[in-house]
Amino acid sequence: MKQLILGGARSGKSSLAERLAKDSGKSVIYIATADASYNDVEMEQRIQHHRNSRPAHWPTIEEPLYLAEQLKQQASADSCLLVDCLSLWLSNCLMQEDKDFWQQQRQQLMQCFATLPGDIILVGNEVGSGIIPLGEINRRFVDETGFLHQALAKHCDRVILTAAGLPLVMKGNPLL
């Protein structure tokens with residue numbers, strides 16, 4: 001099953017994704033997309049919180065840029081891949097000097113995603129509910145995030161929006 005979990009900061013999306021991964025009954029591989037070169041003290045604390053919240057026996061792969069390649073390498077019928085988060089991955093890609101890098105990586109993800117075996121849970125920040133931000137890079141981030149989520153949602157069996165720790169299933173079977 002392919003699932004997309006969206007929500008704002010501290011909405012409960014990562015906790016829900018971890019619960020669904022555990023409930024899959026499959027071996028879980030956690031793919032973290034944060035790029036340590038952009039971290040400050042507060043971001044390090046967020047990353048540590050995520051590390052502490054997931055089971056120690058889950059292997060973690062840190063992949064800030066080449067997400068499609070990792071998914072192709074790690075996906076198998078008996079695995080559950082948990083990607084947290086799409087928004088950080090997008091930010092990392094947009095920050096590359098090669099202005100075509102993001103479009104290349106997005107295209108690679110979209111080309112392989114629908115055919116990947118096993119369970120995949122994607123986590124992303126829903127950022128399009130606020131005002132249009134100032135600055136070209138900020139507007140591009142919001143736009144690209146929305147386009148990415150729309151494209152992936154078409155290929156997911158379940159799409160969930162979280163707010164205040166409460167999941168709202170927007171597509172697919174209800175949660176148990």
Side-chain angles (χ1 to χ4, degrees), residues 1-36 39 42-64 67-68 70-71 74-93 106 109-110 112-114 116-130 141-142 144-176:
M1 173 183 282
K2 292 180 176 61
Q3 301 181 76
L4 175 61
I5 302 174
L6 304 172
R10 300 293 191 238
S11 64
K13 60 190 178 297
S14 294
S15 298
L16 175 61
E18 291 169 8
R19 188 189 92 200
L20 294 173
K22 286 178 192 172
D23 292 349
S24 74
K26 298 183 176 186
S27 64
V28 177
I29 300 172
Y30 191 101
I31 301 176
T33 62
D35 185 336
N39 289 357
E42 189 270 340
M43 187 62 173
E44 284 295 335
Q45 291 171 343
R46 285 176 180 261
I47 291 170
Q48 193 58 47
H49 168 77
H50 282 275
R51 286 179 180 149
N52 293 341
S53 70
R54 63 182 175 256
H57 66 276
W58 287 1
T60 298
I61 297 169
E62 294 182 0
E63 182 50 69
L67 181 57
Q70 277 301 331
L71 291 172
Q74 302 301 326
S76 68
D78 59 346
S79 69
C80 177
L81 306 182
L82 194 165
V83 177
D84 199 353
C85 88
L86 294 171
S87 307
L88 287 173
W89 172 62
L90 168 59
S91 294
N92 298 336
C93 291
R106 182 186 186 281
L109 176 62
M110 297 314 301
C112 75
F113 185 71
L116 291 170
D119 291 355
I120 301 174
I121 301 170
L122 304 171
V123 176
N125 290 303
E126 178 51 56
V127 297
S129 298
F141 173 77
V142 169
E144 294 295 344
T145 300
F147 296 143
L148 176 64
H149 292 165
Q150 288 180 55
L152 289 168
K154 290 178 185 175
H155 298 287
C156 285
D157 304 299
R158 183 186 288 150
V159 179
I160 303 167
L161 179 65
T162 59
L166 301 172
L168 172 63
V169 176
M170 299 169 44
K171 175 184 177 183
N173 295 330
L175 297 173
L176 300 176

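Atoms CG and CD, from Asp157 and Gln3 in turn, are 7.5 Å apart once rounded to the nearest 0.5 Å. Between the OG1 atom in Thr162 and the CZ atom in Arg10 there is a gap of 12.0 Å [rounded to 0.5 Å]. Interatomic distance, CD of Glu126 versus OG of Ser11, reported as 10.0 Å (0.5 Å rounding). Rounding to the nearest 0.5 Å places CD1 of Ile5 at 9.5 Å from CD of Glu18. Met110 CE to Phe147 CZ: the interatomic distance, rounded to the nearest 0.5 Å, is 13.5 Å. Between atom CD of residue Glu63 and atom CD of residue Gln74 there is a gap of 10.0 Å, rounded to the nearest 0.5 Å.
Between the side chain of Ser15 and the backbone N or O of Gly12, no donor-acceptor pair lies under 3.5 Å. Side-chain atoms of Lys171 come within 3.5 Å of backbone N or O of Cys156 as a donor-acceptor pair. Checking side-chain atoms of Ser24 against main-chain N and O of Cys80 turns up no donor-acceptor pair under 3.5 Å. At distances below 3.5 Å, not a single donor-acceptor pair connects side-chain atoms of Gln150 with backbone N or O atoms of Leu152. The backbone N or O of Asn173 sits less than 3.5 Å from a side-chain atom of Arg158, completing a donor-acceptor pair. A donor-acceptor pair is defined here as one N or O able to donate and one able to accept, closer than 3.5 Å; no such pair exists between the side chain of Asp35 and the backbone of Pro64.
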Inset, instruction - Determine, step by step, whether Asp119 and Lys26 satisfy the salt bridge (Lys or Arg N to Asp or Glu O under 4.0 Å) criterion, reporting the C-alpha distance in whole Å, the side-chain angles of both residues, the deciding distance to 0.1 Å, and the verdict. - result: CA-CA 8 Å; Asp119 291 355; Lys26 298 183 176 186; 3.3 Å; yes
Inset, instruction - Would you sort out whether Arg19 and Leu175 count as a side-chain contact (heavy atoms from CB on, under 4.5 Å), showing the intermediate values? - result: CA-CA 11 Å; Arg19 188 189 92 200; Leu175 297 173; 4.3 Å; yes
Inset, instruction - Under the side-chain contact (heavy atoms from CB on, under 4.5 Å) rule, what do Val83 and Leu67 come out as? Steps first, then yes or no, please. - result: CA-CA 9 Å; Val83 177; Leu67 181 57; 3.9 Å; yes
Inset, instruction - Check the pair Val28, Ser79 against side-chain contact (heavy atoms from CB on, under 4.5 Å), reporting the backbone distance first and the verdict last. - result: CA-CA 6 Å; Val28 177; Ser79 69; over 6 Å; no
Inset, instruction - Take Ser87 and Phe141 through the side-chain contact (heavy atoms from CB on, under 4.5 Å) test and state the conclusion after the steps. - result: CA-CA 9 Å; Ser87 307; Phe141 173 77; 4.1 Å; yes
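Between Ile31 and Leu71, the closest side-chain pair of non-hydrogen atoms falls below 4.5 Å. Side-chain contact between Ile121 and Met1: absent, with no pair of heavy atoms (C-beta onward) separated by less than 4.5 Å. Here the side chains of Leu109 and Leu148 are in contact, with some heavy-atom distance below 4.5 Å. Side-chain contact between Leu81 and Tyr30 is absent, with no heavy atoms from C-beta onward closer than 4.5 Å.
Of all heavy-atom pairs spanning Ala17 and Val123, the tightest one is CB-CG2, 3.5 Å. Scanning all heavy atoms of the two residues, the minimum distance from Ala75 to Pro117 falls at CB-O, 3.5 Å. In terms of heavy-atom proximity, Ile160 sits nearest to Pro167 at CG2-CB, 3.7 Å.
We find that Glu62 and Arg51 are joined by a salt bridge, their nearest charged nitrogen and carboxylate oxygen being less than 4.0 Å apart.
When each of Thr145, Thr33, Leu6, Leu4 is tested with Leu86 by the rule side-chain contact (heavy atoms from CB on, under 4.5 Å), just one qualifies, namely Leu4.
His155 and Phe113 have perpendicular rings, their planes meeting at more than 60° on a 0 to 90° scale where under 30° would count as parallel.
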